[in-house]
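Step one of this worksheet: look at the structure below.
Letters A, B, ... mirror the listed sequences (proteins, then strands); counts begin at 1.
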Amino acid sequence: MLKRSKIEDLLSSTTTKDKVLIKGWVKTRRDSKDFSFVEVNDGSCLKNMQVIAKNSLNNYEEIKKLSTGSSVAVEGSLVESQGGSQKYEIQAEKIEIYGIAPDDYPLQKKKMTDEYLRTIAHLRPRTNKYGAAFRIRSELSYAIHHFFHDRGFKYVHTPIITGSDCEGAGEMFQVTTLDMNNLQKTKDGKVNYGEDFFGKEAHLTVSGQLNGEMYACALGDIYTFGPTFRAENSNTPRHAAEFWMIEPEMAFADLHDDMDVAEDMVRYCVKHIMEHCASDLELFEKFVDPTLKQTLENIAHNNFARVSYTEAIELMKKSGKKFEYTPEYGIDMQTEHERFLAEEYFKKPVIVYNYPKEIKAFYMRLNDDGKTVAAMDVLVPRIGELIGGSQREERYDVLVSRIKELGMREQDYEWYLDSRKYGSVPHAGFGLGFERMMMLVTGITNIRDVIPFPRTPKSVSF
RNA sequence: UCCGACUUAGCUCAGCGGUAGAGCAAUCGGCUGUUAACCGAUCGGUCGUCCGUUCGAACCGGACAGUCGGAGCCA
């Protein structure tokens, strides 16, 4: 029994082969006088295998009906191609047809808009562009695991369902087994969550960070890489309700270690993709973003700029640039500010650190000035915020007073505070939006196009 | 959620007050070691939904829905 070869392997072969078997989907077919060209793609790479089907094949009449999208198995010899566009082609000895795609097959042999392809998200991975994007997505995931594994980080699986309503990173999706059409209420008219699956309110996680910190304070360096859910009604090309996040957390690390790891990681991933996905990247440079190569090389070969929040505000003030929101110490940075810093001023990724405590989360470490916290954001041209991170507040008393200061309930954070109570250590971490890194690496401008089946407000098809 | 634009054949769009058009796709035929092949013919639409203005609406007005872009939230 002949074993199936991947088209990628055959096209990179150094020799012709007498007997090969490929299986895949027909991209296009062209008839010639007494044979037919059938281009087959199996998803292993961007390129198709050109198959020569002679009219002497016993099912040639059937082969001539092969339409775009049809699935086949081809057995034959791998020979040097007479045509100029490919090194090899297969002289078919046998073509088995698995399934014909009828004439209502929605994918066409021409450019289709991203908006249209989203309506057929189940078929879009068969297009060149989306095939390339999702091969890169796979490789980028691998690169992330590789980066951390190389550095001795342990991979931790933090929970998807959370019982803590204090993760504090936005609106959450509720998880329940209660019959929504027949809710049991308590005497004061509230929903009786005692009857719910977990006996209390439960939600989908908005961040694995608090859990991650506990494992960092045991295993040393850890990272999480999993799905995250935000029920924000965000309608932008950069937000999704379900996305994947990478959250490293490092014991005995300060903000500068944090920034170093963040920068190293982004550079490592970019280099990895440039090295391992060259032909797929070429497609994106050709059809999606002509400046892509330049952007990626800029990241691969230059250090990121680093400025404190205070410096960033000052240099924006001095720039003479007209902003809609005037830069002033204390304001939250607007998209226009982030874009100015990354795209116009530094013209490369920039890390802004030490933000006023008022505009950042409770768990970030208070600096000695008493005004700022050890937070950092990595801002990237075109994407905006790629990473948000901080050194964590490890001092029990300071953390408790921050919780109180912000009007939060101390008892909701008991288990979190325990880590500061028993052998507390300085530690730091960050969160990186995986899809945003995908957008960075491919030049794709809409997050919906780098997720296989995107979930956004009013949209959960497929 | 706020602001703006868009929604016409399978796809991409034109038409902007008198009741629908192109290119591509598809189908059929021709030609050819071709390469999103080429040439010819055919098929294809209650113009997002509802309400209104008008003798008459794809075209004007309103509501709703969806999509896209910008903003906010952030990853």
request  = Please confirm whether any donor atom in the side chain of E232(A) sits under 3.5 Å from an acceptor in the base of rU1(B), or the reverse.
outcome  = no
query = Within a strict 4.5 Å, meaning less than it, do heavy atoms of the F430(A) and I246(A) side chains meet?
reply = no
query = Which residues pass the salt bridge (charged side-chain N to carboxylate O under 4.0 Å, His left out) test with K17(A), sequence neighbours left out?
reply = none
inquiry  = Can you see if the side chain of N233(A) gets near the phosphate of rG72(B) - specifically, an N or O under 4.0 Å from OP1 or OP2?
reply    = no
key: Interface residues of residues 116-139 of chain A with RNA chain B (non-hydrogen, below 4.0 angstrom)   = Y116(A), R118(A)
Expected list for residues 56-64 of chain A: side-chain donor-acceptor pairs under 3.5 angstrom, two or more places apart:
from	atom 1	to	atom 2	distance (Å)
N59(A)	ND2	I95(A)	O	2.8
Y60(A)	OH	F35(A)	O	3.3

ask   = Near RNA chain B, which residues from residues 321-350 of chain A have a heavy atom under 4.0 Å away?
value = Q334(A), T335(A)
query = Donor-acceptor pair under 3.5 Å: do we get one between R448(A)'s side chain and the base of rC68(B)?
reply = no
message = Does R151(A) qualify as a cation-pi partner of F147(A), given the criterion of NZ or CZ under 6.0 Å from the six-membered ring centre and within 45 degrees of its axis?
response = yes
inquiry  = Please list, in numerical order, the residues of residues 70-78 of chain A that have a heavy atom closer than 4.0 Å to any atom of RNA chain B.
reply    = none
N354(A) side chain to T372(A) side chain, donor-acceptor N/O pair below 3.5 angstrom = no
message = For a quick check, tell me whether the side chain of E171(A) and the base of rU1(B) share a donor-acceptor pair closer than 3.5 Å.
response = no
ask   = Do S234(A) and rC74(B) have a side chain to base donor-acceptor pair shorter than 3.5 Å?
value = no
N-O pairing of D280(A) and K129(A) below 4.0 Å = no
What pairs of nitrogen or oxygen atoms, one from the protein and one from nucleotides 36-38 of chain B, lie under 3.5 Å apart?
from	atom 1	to	atom 2	distance (Å)
rA36(B)	O2'	K109(A)	O	3.3
rA36(B)	N1	K111(A)	N	3.0
rA36(B)	N3	K109(A)	O	2.9
rA37(B)	OP1	T28(A)	OG1	3.0
rA37(B)	OP2	R30(A)	NH1	2.5

query = Can F434(A) be classed as stacking with the base of rA75(B), given a centroid separation cut-off of 5.5 Å and a plane angle cut-off of 30°?
reply = no
query = Under 3.5 Å, is there a donor-acceptor pair between the side chain of S390(A) and the main chain of R392(A)?
reply = no
request  = Classify the nucleic acid contact of E242(A) as base, sugar-phosphate or nothing, counting any heavy atom under 4.0 Å across all strands shown.
outcome  = nothing
ask   = Does the rG33(B) base have a donor-acceptor partner in the side chain of E89(A) within less than 3.5 Å?
value = yes
task = Give Q82(A) one of three labels, base, sugar-phosphate or nothing, depending on what nucleic acid heavy atoms sit under 4.0 Å from its own.
result = base
task = Provide, to the nearest angstrom, the distance between the CE atom belonging to M112(A) and the P atom belonging to rU67(B).
result = 20 Å
Heavy-atom donor-acceptor pair, R230(A) side-chain to rA75(B) base, under 3.5 Å = yes
